Amino acid sequence: MHRIIIHLVVFITLLFLIIDSGHMPFQAESVNHHPVFSDIAVRADEQDLRQEIEAVRKEVEQPAENARIDKIWKKVPGKAGVKVDVDASLEKMKKAGIFDRELLVVKEVKPEITLDELPASPIYRAREDQEQVALLINVSWGEDHIPAILQTLKDANAKANFFIEGKWAKEHNQLVEMIKEEGHVIGNHAYNHPDMSRMSKTDSAEQISQTNEIIHAITGDKPVYFAPPSGSFNDGTIQAANDQEMETILWSVDTIDWQKPTVPVMMKRVTEKLHPGAFILMHPTPVVEAGLADMLKAIKEKGYSVSTLDTILNEGR
């Protein structure tokens, strides 16, 4: 009995010594760092993150919109969709240790049908959701006003689209070079301003190709946009441009500046018909030179930016 009491005292003493020295084999820290328990915690975190990503994905993702032929506006560009890469997003958030919408990995989804896959048809405007407009300046005369127009565009940090007649370009190389140097888009406005609705496809093709050669010789670039003079065309005109890998551009808002209106009259024509994705037609006329700054200001006040055709017809997001 005496021996049992001694053994019990020794055992209790050793137990207290072990606890006091921090070597208790069943400490909570040891449990937390045990591989099995650690893996369970990580898997639980991943599952929570994935669920949050999946929930947000439904809000963020948008289907792609195909380019189409509209009954009124003819060719209308499509729009890329948005898709969340769940696995890539999860990896980024695991590294950060938190769920963060800013870390979502988002990819664009290309439309199944793009603008260049549609049959030959003119383009009158951009998409209905575009908070942008494009200025179309058709040039076959008015060279005296072009330097001032270019300066106004520069002051407003705006880029326009100049459709230049081939014959005029031959006679005004320096102005064509100036337009190019200022970063504006240069398009094709046929060679000598014919009524293309009365022309054969072969003759239309000659008008377009001859002008392309002249503009390429001056700028080093081949135009990809074509504007028929006076908006006059037939099916052969459109097909001739399409055969040369060019889009035919018309307009949805007209300044009718060639009728020599006052600046307020021209401004009213533009502001009353301004809409998302508008193509605004003008020429290098005295009224455009005098009123362009006010027009650009009014466009901005209505919440639109001024873009080139390359930008406004882009089918990305």
Side-chain angles (χ1 to χ4, degrees), residues 62-81 108-138 158-163 185 187-190 195-197 201 204 208 223-258 266 268-283 295 298-299 302-317:
Q62 297 289 335
E65 299 174 18
N66 288 331
R68 69 186 194 279
I69 301 289
D70 185 81
K71 290 182 179 179
I72 297 174
W73 300 114
K74 306 307 178 185
K75 268 191 179 183
V76 177
K79 184 177 182 179
E108 285 193 355
V109 180
K110 184 179 177 181
E112 293 182 6
I113 302 173
T114 58
L115 196 65
D116 57 1
E117 293 173 321
L118 292 174
S121 184
I123 304 173
Y124 286 83
R125 55 165 296 163
R127 292 193 313 264
E128 295 87 342
D129 65 340
Q130 290 281 41
E131 295 181 352
Q132 306 172 56
V133 300
L135 306 182
L136 314 182
I137 305 176
N138 289 355
K159 302 299 181 185
N161 308 273
F162 287 79
F163 287 87
V185 168
N188 183 317
H189 197 45
D195 180 354
M196 300 189 82
S197 67
K201 177 184 172 183
S204 292
I208 295 168
V224 295
Y225 302 111
F226 165 68
S230 304
S232 177
F233 64 91
N234 56 33
D235 290 343
T237 311
I238 306 301
Q239 192 59 57
N242 187 75
D243 290 347
Q244 298 186 47
E245 299 181 339
M246 303 177 73
E247 296 288 1
T248 299
I249 305 297
L250 293 166
W251 64 87
S252 60
V253 177
D254 193 352
T255 61
I256 321 179
D257 54 355
W258 53 272
M266 181 184 71
K268 185 178 181 182
R269 289 172 179 166
V270 173
T271 55
E272 285 186 349
K273 294 186 177 181
L274 200 60
H275 60 84
F279 290 177
I280 306 171
L281 177 64
M282 62 191 74
H283 304 81
M295 186 190 302
I299 289 170
K302 285 184 174 290
Y304 301 112
S305 61
V306 174
S307 300
T308 63
L309 290 169
D310 292 338
T311 299
I312 202 169
L313 293 177
N314 187 289
E315 295 180 294
R317 299 296 295 189

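For this chain, numbers begin at 1 and follow the sequence in order. Model, not experiment: these values are computed from the prediction.
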*Set of ring pair (Phe, Tyr, Trp, His ring centres under 6.0 Å) partners for Phe226, sequence neighbours left out*: none
*Once you round to the nearest 0.5 Å, how far does OG1 of Thr255 lie from NZ of Lys268?*
16.0 Å
*With respect to Tyr225, which candidate in Thr248, Thr308, Asn161, Asp310 satisfies the side chain to side chain donor-acceptor pair (under 3.5 Å) definition?*
Asp310
*Separation between CD1 of Ile238 and CE of Met196, rounded to the nearest 0.5 Å*: 9.0 Å
*For the side chain of Arg127 and the backbone of Gly78, is there at least one donor-acceptor N/O pair under 3.5 Å apart?*
yes
_When you compare the side chains of Thr311 and Asn314, does any donor N or O come within less than 3.5 Å of an acceptor on the partner?_
no
*Could you tell me the separation between the CG atom of Leu250 and the NZ atom of Lys75, rounded to the nearest 0.5 Å?*
12.0 Å
*Got a donor-acceptor contact below 3.5 angstrom from the Ser252 side chain to the Phe279 backbone?*
yes
*Give the minimum heavy-atom separation between Asp70 and Trp73, together with the two atoms involved.*
OD2-N, 2.9 Å
*Judged by atom type as modelled, is there a donor-acceptor pair below 3.5 Å linking the side chain of Arg125 to the main-chain atoms of Val253?*
no
_Are more than 12 heavy atoms, taken from residues, nucleotides or ligands other than Glu131, located less than 6.0 Å from that residue's CD atom?_
no
_Note, Phe163 side chain near Pro223 side chain (heavy atom, < 4.5 Å)_ = no
*asked:* Under a 3.5 Å distance rule, please check whether Glu108 uses its side chain to pair with a backbone N or O of Gly316 as donor and acceptor.
replied: no
*List the steps, then state whether side chain to side chain contact (heavy atoms under 4.5 Å, CB included) holds for Leu135 with Ile299.*
CA-CA 11 Å; Leu135 306 182; Ile299 289 170; 4.3 Å; yes
*Heavy-atom check, side chain of Tyr124 versus side chain of Ile72, under 4.5 Å*: no
_Side chains of Gln244 and Asn188, heavy atoms from C-beta outward: is any pair under 4.5 Å?_
no
*asked:* Atom CD of residue position Glu128 - does it have more than 12 heavy atoms of other residues, nucleotides or ligands inside 6.0 Å?
replied: yes
*Would you say the side chain of Met295 lies within less than 4.5 Å of the side chain of Met282, judging by non-hydrogen atoms?*
yes
_Measuring from atom CG of Asn138 to atom CH2 of Trp251, what distance do you get when rounded to the nearest 0.5 angstrom?_
7.5 Å
_With no hydrogens and no angle check, just 3.5 Å: does a side-chain donor-acceptor pair link Asp116 and Thr114?_
yes
*For a side chain to side chain donor-acceptor pair (under 3.5 Å) with Gln239, tell me which candidate from Thr237, Asp235, Asp243 qualifies.*
Asp243
